[in-house]
Amino acid sequence: MEKSALQIARAAYQPKLPRGLKGAVKAVEGAATQSVDNQEEIKALFPNTYGMPLVEFVPGEEKSYEPMNVGIILSGGQAPGGHNVITGLFDAVKRLNPANRLYGFILGPGGLVDHNYMELTKEIVDEYRNTGGFDMIGSGRTKLEKVEQFEKGLEIIRELGIKAIVIIGGDDSNTNACVLAEYYAAKNYGVQVIGCPKTIDGDLKNDQIETSFGFDTACKTYSELIGNIERDCNSARKYWHFIKVMGRSASHIALECALQTQPNICLVSEEIEEKAMSLDDIVAYIANAVAVRAADGNNFGTVVIPEGVIEFIPAIKKLIAQLNDVLALPEAKNISRDEQVDFAKSHLTAENLAVFNSLPEGVARQLALDRDPHGNVQVSLIETEKLLSEMVAKKLDAMKAEGKFVGKFAAQHHFFGYEGRCAAPSNFDADYCYALGTSAAQLIAAGKTGYMAIVKNTTAPADEWKAGGVPITMMMNMEKRNGEMKPVIRKALVELDGKPFKTFAAQRDRWARETAYVYPGPIQYWGPTEVCDQPTKTLALEQSK
Ligand code: FBP
């Protein structure tokens, strides 16, 4: 692999570890836990992995460990830092016993089922230290949920003498990790399953998980780009930039980028849902801000749009919920895409059909057809930024006719998504991920299964971080998925009474009217700590007392 100068220099970075993980480790167990909701149902579904205690790692005494082999799987969308979870796991596993081996399953959970794997040796792992991306072993979205898949996976687990599988994934993948852990425990197969909290979307967080890895780097990458656009926008003063940022469901990324760059407008999907806003309300909100700036002679601005906004508009949310149920019907399977759209339309209520017909054809088809393997609408394929700017242009034409808009309106469109998922991890993500991988190894050594590796106190210096594990069942509740009630990890949406949103809401009217842009610049890996080691504003605000 030919390497850039940055990659070569960055490979030498030794991620910082919390004190509790630096040397020999002792696992301290807390009290028994219970799920966040639906306790009886979750307990009945996970009799072997429900109610286990929280675990914290503290300095302990050296002891010897029997040799063990470990398998690792990267699941779902890429997130900066995934390679450091693997390097942390590799280093810790080798420290526990140099005879231990680490196997990587290729292209996600499908690699386990299809017996597609490679041994991760020191030479391989060293090539990827502190790099972005998941290309060491690749990732995939195969859903591990069927007994046949679990049994097929067991064959290769047995062949390679694997004691534990580590699954690095988001809420859905970790839910499936827990189902797998429960299955192997129920069968007494002696195979442990450990999860790691990954997703740039930042929606896998709760009392135990302060942040999912990748959020920090992805937001800093997008914020750099948004800042650059803002500066261009304030230089040319002739365009309104409509910028869609990733984050399938929650608006954490959009909100964090807004806190970092102070755009004129940032939509927050959770607020749109709470206020029961229609598409037209959103368009009117943007158009009014454009008109106010135009009256001040400012025919330019920036609008940040969360990728998932469309799903949060109540009328569209209702439509999607019914489409999900209709598409789950057996008759909807094995028919052509066109037939599927007609089938869906013929089963919609009059109200939902009216909403469906009011959407531009491309958007409506996307809602009616494609789902990822976890049943999610593929919002990154919907061009919301264009949809909104076209509707704003129309609204402004009407306002002009009424004398309510006196300026000019020209739009540019951007989508920042995939480019943030594989950026070289910030110091925060490099350290956090290395610590998560080390924790995962210690959870395995402590004989745990059905746990997720965690690291807390992350706004303090890394030495003071607290590493451990949380039973995955503790984060579960029952939700409707593909027409059926399922146990899932509760997704964390933006809390409208939380500090990050309130901080934004207190300033947004000023940002809308003035040009209050902030230019964060690119991620820095070396230099003053206030430049290189700051957590996201979201995390800092959430953790501030
Ligand atoms: P994960 O939840 O698997 O981490 O993926 C997040 C994400 O990056 C979303 O922000 C985005 O909507 C989606 O993946 C895109 O998925 P794909 O890579 O399949 O196009």
Side-chain angles (χ1 to χ4, degrees), residues 46 49 52 68-79 81-90 92-93 102-118 120 134 136-147 149-154 156-157 160 162-185 189 191-199 201 204 208-209 212-214 372-374 433 436-444 448-455 469-476 487-489:
F46 296 89
T49 51
M52 301 180 298
M68 63 178 188
N69 295 343
V70 172
I72 186 144
I73 298 172
L74 291 165
S75 179
Q78 287 71 252
H83 286 158
N84 270 29
V85 180
I86 301 183
T87 57
L89 178 68
F90 178 86
V93 155
L102 180 63
Y103 292 97
F105 288 95
I106 311 291
L107 288 175
L112 178 71
V113 181
D114 301 335
H115 301 185
N116 194 4
Y117 68 92
M118 67 195 272
L120 299 176
F134 279 6
M136 187 194 304
I137 51 175
S139 184
R141 290 203 185 273
T142 303
K143 211 172 156 156
L144 269 190
E145 58 174 354
K146 299 197 179 86
V147 166
Q149 294 172 311
F150 302 165
E151 289 292 336
K152 201 84 190 98
L154 185 73
I156 192 70
I157 286 172
L160 298 174
I162 286 176
K163 175 179 160 72
I165 295 281
V166 177
I167 299 182
I168 301 177
D171 51 343
D172 288 330
S173 305
N174 275 289
T175 294
N176 293 341
C178 195
V179 174
L180 184 66
E182 175 65 32
Y183 180 82
Y184 285 164
Y189 285 162
V191 180
Q192 300 159 240
V193 183
I194 301 294
C196 267
K198 169 236 71 167
T199 177
D201 293 2
L204 176 49
Q208 303 305 325
I209 301 171
S212 55
F213 80 75
D372 76 2
H374 295 272
C433 290
L436 284 173
T438 311
S439 267
Q442 293 296 349
L443 286 168
I444 299 168
K448 301 296 177 197
T449 191
Y451 273 75
M452 206 186 297
I454 51 167
V455 175
V470 54
I472 300 178
T473 50
M474 187 182 178
M475 298 175 280
M476 286 188 162
V488 293
I489 296 175

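These numbers come from a predicted model, not from an experiment.
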Participant: For residues Asp172 and Lys143, determine if any side-chain heavy atom of one lies less than 4.5 Å from a side-chain heavy atom of the other.
Facilitator: no
Participant: Whether the side chain of Ser212 engages the backbone of Thr199 through a donor-acceptor N/O pair (distance < 3.5 Å, no angle test) should be reported.
Facilitator: yes
Participant: Run the side-chain contact (heavy atoms from CB on, under 4.5 Å) test against Val488 and tell me which residues pass, sequence neighbours left out.
Facilitator: Thr175, Asn477, Glu479, Arg481, Lys486
Participant: Could you pull out the closest heavy-atom pair between Gly450 and Thr49, with the gap in Å?
Facilitator: CA-CG2, 4.5 Å
Participant: Test your reading of the model: is there a side-chain donor-acceptor pair from Lys198 to the backbone of Gly77, 3.5 Å cut-off?
Facilitator: yes
Participant: Answer whether the closest heavy-atom distance between the side chains of Leu436 and Ile168 falls below 4.5 Å.
Facilitator: no
Participant: Donor-acceptor check, side chain of Ser139 to backbone of Leu74, threshold 3.5 angstrom: yes or no?
Facilitator: yes
Participant: Taking Gln149 for the side chain and Glu145 for the main chain, is one N or O donor matched with an acceptor at less than 3.5 Å?
Facilitator: yes
Participant: Grab the two heavy atoms, one from Ala440 and one from Ile194, that are nearest each other, plus how far apart they are.
Facilitator: CB-CG2, 4.1 Å
Participant: Quick check: closest heavy atoms across Cys196 and Val166, and the distance to 0.1 Å?
Facilitator: SG-CG1, 4.4 Å
Participant: For the residue pair Gln192 / Lys448, report whether a side-chain donor-acceptor contact shorter than 3.5 Å exists.
Facilitator: no
Participant: For the SG atom of Cys178 and the OH atom of Tyr451, what is their distance to the nearest 0.5 Å?
Facilitator: 11.0 Å
Participant: Using the rule given for side chain to side chain contact (heavy atoms under 4.5 Å, CB included), can you reason through Ile165 versus Phe105, listing the C-alpha separation, both sets of side-chain angles and the distance that settles it, and then say yes or no?
Facilitator: CA-CA 10 Å; Ile165 295 281; Phe105 288 95; 3.9 Å; yes
Participant: Between CD1 of Ile106 and NE2 of His115, what distance do you get to the nearest 0.5 Å?
Facilitator: 13.5 Å
Participant: What are the two closest heavy atoms between Asn174 and Ile167, and how far apart are they?
Facilitator: OD1-O, 4.0 Å
Participant: Between the main-chain N or O of Leu160 and the side-chain N or O of Asn69, is there a donor-acceptor pair closer than 3.5 Å?
Facilitator: yes
Participant: Provide the closest heavy-atom pair for Ile137 versus Ile72 in the form atom of the first, atom of the second, distance.
Facilitator: CD1-O, 3.9 Å
Participant: Might you work through the side chain to side chain contact (heavy atoms under 4.5 Å, CB included) test for Val191 and Leu180, ending with a clear yes or no?
Facilitator: CA-CA 10 Å; Val191 180; Leu180 184 66; over 6 Å; no
Participant: Hey, does the side chain of Thr449 reach the backbone of Val193 with a donor-acceptor pair shorter than 3.5 angstrom?
Facilitator: yes
Participant: Where the side chain of Ser439 meets the backbone of Ala453, is there a donor-acceptor pair that is under 3.5 Å apart?
Facilitator: no
Participant: When you look at Glu182 and Thr473, which way does the side chain to side chain contact (heavy atoms under 4.5 Å, CB included) test go after all the steps?
Facilitator: CA-CA 10 Å; Glu182 175 65 32; Thr473 50; over 6 Å; no
Participant: Using side-chain heavy atoms (C-beta onward) and a distance below 4.5 Å, is Tyr103 in contact with Ile156?
Facilitator: no
Participant: Closer than 3.5 angstrom, by distance alone: can the side chain of Tyr184 be matched with the main-chain N or O of Phe150 as a donor-acceptor pair?
Facilitator: yes
Participant: Can you check whether Ile157 reaches Tyr189 side chain to side chain, under 4.5 Å on heavy atoms?
Facilitator: no
Participant: Are the side chains of Ile162 and Tyr117 in touch, meaning some heavy atoms are under 4.5 Å apart?
Facilitator: no
Participant: Which heavy atom of Pro487 sits nearest a heavy atom of Met476, and at what distance?
Facilitator: CB-SD, 4.3 Å
Participant: Measure the CZ-OG distance between Phe134 and Ser75 for me, rounded to the nearest 0.5 Å.
Facilitator: 9.0 Å
Participant: Sequence neighbours left out, what passes salt bridge (Lys or Arg N to Asp or Glu O under 4.0 Å) with Lys146? Give chain and number order.
Facilitator: none
Participant: Kindly compute the distance separating CE (Met136) from CG (Leu120), expressed to the nearest 0.5 Å.
Facilitator: 6.0 Å
Participant: Rounded at 0.5 Å granularity, tell me how far CD1 in Ile73 sits from OG in Ser173.
Facilitator: 9.5 Å
Participant: Please report the interatomic distance CZ(Phe90) to OG1(Thr438), rounded to the nearest 0.5 Å.
Facilitator: 12.5 Å
